[in-house]
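We name chains A, B, ... by the order of the sequence lines, and we start the count at 1 in each one.
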Protein chains: 2
Amino acid sequence: MRLTTKGRFAVTAMLDLAMHGGKGPVTLAGISQRQSISLSYLEQLFGKLRRHTLVDSVRGPGGGYTLARSLERVSVADIITAVDEPLDATQCGGKENCHDEQRCMTHDLWAKLNDKMYEYLDSVKLSDLVAQQATRKNAVSVLQDKRGKEAAVSA
Amino acid sequence: MRLTTKGRFAVTAMLDLAMHGGKGPVTLAGISQRQSISLSYLEQLFGKLRRHTLVDSVRGPGGGYTLARSLERVSVADIITAVDEPLDATQCGGKENCHDEQRCMTHDLWAKLNDKMYEYLDSVKLSDLVAQQATRKNAVSVLQDKRGKEAAVSA
DNA sequence: ATATACTTGACGGAATTTATCGGGTATTCG
DNA sequence: CGAATACCCGATAAATTCCGTCAAGTATAT
């Protein structure tokens with residue numbers, strides 16, 4: 001799990017798609033104008049999103065992209081992992097070329113931290129983000145409630 | 001808050017420093033050998049860590065680096081923010097050049113996600129990581145307990 | 001007191017990632 | 001049928017990350 005601007009752009013674009021996708025396909029040109037992300041970069045990102053079956057594409061005039069699943073079934077973690085690809089994270093990932101003395105010291109560490117990151121980002125769905133955008137005033141409450149829910153489950 | 005290999009290297013190095021720092025300063029050459037991180041890169045990282053008052057440097061023979069605070073007062077978030085520097089994250093950060101229609105749509109979103117990331121990473125201290133390394137067998141339990149504690153607080 | 005061994009600190013280049021530009025292909029409407 | 005629209009996919013440019021090299025500083029031993 002890696003957090004970069006690439007993943008952020010992807011989530012922003014998907015949120016825009018979710019908010020404007022009520023009336024047929026949404027063009028990347030529209031997302032580009034609204035979110036000020038270059039069209040070429042959007043094409044690259046949506047290519048990966050499509051291959052990971054997060055969106056469907058419709059070619060030709062009047063075409064564009066649509067969400068492949070319902071809002072509740074797409075999490076932030078899904079989007080980020082789709083565009084950011086692997087990242088071994090532990091530097092010895094599958095290679096097992098760790099040192100003798102304290103082999104894989106960082107392995108357990110990052111594995112656990114990654115799990116925590118993923119767990120949280122996976123608990124936030126596109127539907128949550130849309131709801132958060134709908135009511136701009138108390139946008140905080142949504143995620144706060146989300147945390148409370150997660151905490152209750154883990155307890 | 002950005003998660004890259006840079007921050008991971010820094011945390012790994014700080015953990016090594018914490019585990020070997022009982023008997024005076026620790027040399028970067030030692031950390032480099034143990035963790036297989038290039039000495040040059042470590043020098044760059046520890047320059048930032050020193051400027052953020054996370055470590056103290058001792059020059060001359062027998063010199064090296066020591067922790068500037070106690071183990072409980074250094075969190076993973078401290079380390080990552082020290083080496084990763086700014087990152088506006090919201091693309092309109094302080095510039096306020098957002099678009100008219102949905103200005104700063106991503107602002108609230110990433111601000112909240114960042115807060116959550118930071119909150120968790122700040123709850124994990126170096127002392128926790130050292131304890132986790134001490135008992136390799138059930139290393140999972142440490143962070144699991146940590147989560148339970150955090151959940152109890154937030155409830 | 002001075003030379004020396006050992007350290008941190010700063011500058012510059014290779015490799016990876018991020019972001020962009022161009023041509024190409026499929027689909028729909030006139 | 002043909003032309004416009006919009007997705008698709010290669011290669012290219014910019015930025016960041018990562019690492020090697022050199023200069024500056026300090027304590028110890030002579």
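A:Ser32 places no side-chain N or O within donor-acceptor distance of the main-chain N or O of A:Leu28, the cut-off being under 3.5 Å. Side-chain atoms of A:Arg2 come within 3.5 Å of backbone N or O of A:Asp84 as a donor-acceptor pair.
Here the C1' atom of nucleotide D:dC7 and the CD1 atom of A:Ile31 are 13 Å apart, to the nearest Å. Atom pair B:Arg59:CZ and D:dA27:P shows a separation of 10 Å (rounding to whole Å applied). One can place CG of A:Leu49 at 13 Å from P of D:dC7, the figure rounded to the nearest angstrom. For the pair B:Arg8 CZ and D:dT17 C1', the interatomic distance rounds to 14 Å; values are reported in whole Å.
The residue B:Gly64 sits close only to the backbone: its heavy atoms come under 4.0 Å of sugar-phosphate atoms, none of a base. B:Thr4 comes within contact range of no nucleotide atom at all, as no heavy-atom separation falls under 4.0 Å.
Residue whose closest nucleotide on DNA chain C sits further toward the 5' end, between A:Pro61 and A:Ser38: A:Ser38. Heavy-atom nearest nucleotides on DNA chain D were determined for A:Arg50 and for B:Gly7, and the one closer to the 5' end corresponds to A:Arg50. For A:Gly60 and A:Lys6, each mapped to the nucleotide of DNA chain C holding its nearest heavy atom, the one lying further toward the 5' end belongs to A:Lys6.
For B:Arg69, the CZ atom sits in a packed shell: over 12 heavy atoms of surrounding residues, nucleotides or ligands are nearer than 6.0 Å.
Within residues 39-46 of chain B, the residues having any heavy atom under 4.0 Å from DNA chain D are, by residue number, B:Ser40, B:Tyr41, B:Glu43, B:Gln44.
Looking at heavy atoms from C-beta onward, B:Val76 lies in side-chain contact with B:Leu129 at the 4.5 angstrom threshold. Looking at heavy atoms from C-beta onward, A:Met14 lies in side-chain contact with A:Val55 at the 4.5 angstrom threshold.
Looking at B:Ser75 and B:Asp122, their side chains do bring a donor and an acceptor atom within 3.5 Å of each other.
Protein chain A contacts DNA chain C from C:dT18 to C:dT28, reading 5' to 3' and using non-hydrogen atoms of the protein with a distance under 4.0 Å.
Note that the CZ atom of B:Arg8 and the CD1 atom of B:Ile79 stand 13.5 Å from one another [nearest 0.5 Å]. With rounding to the nearest 0.5 angstrom, the CZ atom of A:Phe46 is 5.5 Å from the CG atom of A:Leu17.
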Can you check side-chain contact (heavy atoms from CB on, under 4.5 Å) on B:Lys6 and B:Lys48, steps first, answer last? CA-CA 12 Å; B:Lys6 193 175 188 176; B:Lys48 291 186 176 182; 3.4 Å; yes

